[in-house]
There are 2 protein chains.
Amino acid sequence: MSQSEQRPARRREALSAAGIVRVAIEILDAEGEDALTFRSLAERLSTGAGAIYHHVANKDELLEAAAESLVSGVASTPESLVPSDESVRALMLEVFDLIDAHRWLGSQLARAPWQAAVLLVFEAVGDRLVIRGVSERHRFDVASALLQYVLGAAGQYAASLRIPTAVGRSEFLKTVTGDWTSRAGPEELPFVHSMARQLADHDDRRQFAAGVDLILAGAAANPRT
Amino acid sequence: MSQSEQRPARRREALSAAGIVRVAIEILDAEGEDALTFRSLAERLSTGAGAIYHHVANKDELLEAAAESLVSGVASTPESLVPSDESVRALMLEVFDLIDAHRWLGSQLARAPWQAAVLLVFEAVGDRLVIRGVSERHRFDVASALLQYVLGAAGQYAASLRIPTAVGRSEFLKTVTGDWTSRAGPEELPFVHSMARQLADHDDRRQFAAGVDLILAGAAANPRT
DNA sequence: ACCTGAACACCGTTCAAGT
DNA sequence: ACCTGAACACCGTTCAAGT
C-alpha cells in the first residue's frame, strides 16, 4: 500500500479489432451479456476504456462483430449438392446449437434485423433451398419464414430458464408464469393448461426441429399462389 | 426567477399501477423505447421517480405489463367456431398489426419468453388450432412454430428501417447492409444478391402472411411423425 | 497514431425524510 | 401508506493529456 505512484507504462502488443472481439466473446460466454462493459473489457485487455474506441465504433458494432464471428463458422458453403431437405434441416440445427452454446447470441440476432450475422444465415438458408430445388417463386417466402422462425426461437431460448426435465407440471407452470398463472386458471387459459405437460417435458431442440419440418412440409405442399 | 422556494405539494389523485402503465405506453408509442425512463415517466405523472416503485416492482415488470395490456386486446376468445385456417391467419395478422402500430412491442415480446403477453398469444393461437381441428398430437408443434415465427417477425420488424418502396435495389442493399456489403459481392452472397429486388420491394405484411400460410400448409400436410 | 483514465451525461434503483 | 427527490452505483462515450 505504500507503493510509490508510477504510471502504468505501455507493456503489451498493440490492440486490434479482432482481438477485442475475441475477448468480448470470452466475457459474454463466461459471464453473460450484462458482464460485457467497456470497463470490464478494458481491464481484461489491460488498457483504458477509451482505447477500445480506436478499433470499434461503439458497443452495438462490437456485439454485431461478435455475432458475425460466430455465425460465419456455421453458415459456410453447403457441403452437399444433393437436393434434399436434410441440408436445410442440418443448417437450422447448427444455428440452433450455436445459440444454445452462446446464449447472448440469441438476443443479439433478434436485436438488429439486417446485421451481418443475420444476412449470413439468410444466405446460407437460401443457398440450400436453391440446391433443394425450391421454385424461384417460393424461395424468398421460404427463406424468410425459416429465418424469422430461427430468430424467434433464438430470442426465446436465449432468455429461457432451462427448466430441469425432472420438474413437475404444476411447478413448471408456476415457475414459467409466476403469479400470473394464479390469476388465470384453466377456464381462462384452457389451451395453455392442456399443454402444460408438453411445456414442461418437451425437448427444446426436438421442438425446434419439428417447426423446421412444418415449414419445409409447407414448402413441399406448394401453398396457395 | 425570484419566486420563493416552496415545496411541491401533493396535488393530484393517487397513482395506480394501471395509470402508470397507460402513461408508459403513451411515452413508448410517441417517443420510442429509449424515451421511457423512470425520470421521464415521473415527470409526466408529476411525481418523483421513487413513487413509481410503490406500484411497479421495476422496469421489466412495467414493460411486461405494458405488453400484456396491448396484447390482451387482440388475443381474446375466438369469434368464430367454424373450423378453418382463416381465424388462425386473422389472429396472426392482428398480432402483426399490433406490433406494427407499437414498434417497441416487438422487442419486448422477443425479450422475455414466457411473459404474460406471450402466453396470451400462445393461448389464442392454440384455441384457434383446436377449433380448426389440428390433431392433438400436432397441436403443440404447430402452436409453438406459429408463436416462434411471430416472435421472430416481431423482433425483426421492430428494429427494421421501414424502407420507402420507392428506393431502388442497390440503394436499399447499401442501406441495409452498410459497408458490410462492399466486403461481400455477388460471389460471396449469391442468394442475397439474387433476392435483392424482393428484399427491396416486398410488402412486410404480405411476406409475414406467406410464412403463416407455409406453416399452416405444413400442418395440413401432416409432416413426418 | 495510439493509448490513458478522468469527466460527462446519463441510467435504474434505494432510502431517509416528509405528509 | 404514500410520496419526494437526493444519493448511490453503475453505464456508454468523449476528450485532453500523454507516449
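In the text below, chain A, chain B and the rest are named by the order of the sequence lines, each starting its count at 1. Quick note: numbers below take in every heavy atom, side chains included, and nothing from hydrogens, waters or symmetry partners.
If you check every strand for non-hydrogen atoms under 4.0 Å, A:A49 touches a base.
Salt bridge status for A:E94 with A:R128: absent, with no side-chain N to carboxylate O gap under 4.0 Å. The pair A:E43-A:R39 does not count as a salt bridge, with every side-chain nitrogen at least 4.0 angstrom from each carboxylate oxygen.
Counting to the nearest Å, the P atom of D:dG12 and the CD1 atom of A:I52 are 10 Å from each other. Spacing between atom CG of A:L15 and atom P of C:dA1 amounts to 17 Å, rounded to whole angstrom units. In this structure, NZ of B:K59 is placed 8 Å from P of C:dT13, rounded to the nearest angstrom. Atom NE2 of A:H54 is separated from atom P of D:dC15 by 12 Å (rounded to the nearest Å). C:dT13 atom P lies 11 Å from atom CG of B:L36, rounded to whole Å. Rounded to an integer number of Å, the gap from A:R39 CZ to C:dC8 C1' is 11 Å. The distance from atom CZ of A:F38 to atom C1' of C:dC3 is 15 Å, rounded to the nearest whole Å. Atom-to-atom, CD1 of A:I20 to C1' of D:dT13 comes out at 15 Å; the value is rounded to the nearest Å.
Checking side-chain atoms of A:Q115 against main-chain N and O of A:Q108 turns up a donor-acceptor pair under 3.5 Å. Formation of a donor-acceptor pair under 3.5 Å by the B:Q148 side chain with backbone atoms of A:Y149 is not found in this model. A donor-acceptor pair is defined here as one N or O able to donate and one able to accept, closer than 3.5 Å; no such pair exists between the side chain of A:S144 and the backbone of A:D141. Between the side chain of A:H202 and the backbone N or O of A:L199, at least one donor-acceptor pair lies under 3.5 Å.
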Exercise for review: Check the pair B:Q207 / B:Q198 against side chain to side chain donor-acceptor pair (under 3.5 Å), numbers first and verdict last.
Suggested key: CA-CA 10 Å; B:Q207 190 62 41; B:Q198 279 96 319; over 6 Å; no
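Nearest-nucleotide positions on DNA chain D place B:H55 closer to the 5' end than the other of A:Y53 and B:H55. Heavy-atom distances to DNA chain C give each of B:A57 and A:A51 a nearest nucleotide, and the one nearer the 5′ end belongs to A:A51.
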Point to revise | Dot-bracket notation for DNA chain D, counting Watson-Crick and G-U pairs under 3.5 Å, with | for partners on another strand | key: ||.|||||...|||||.||
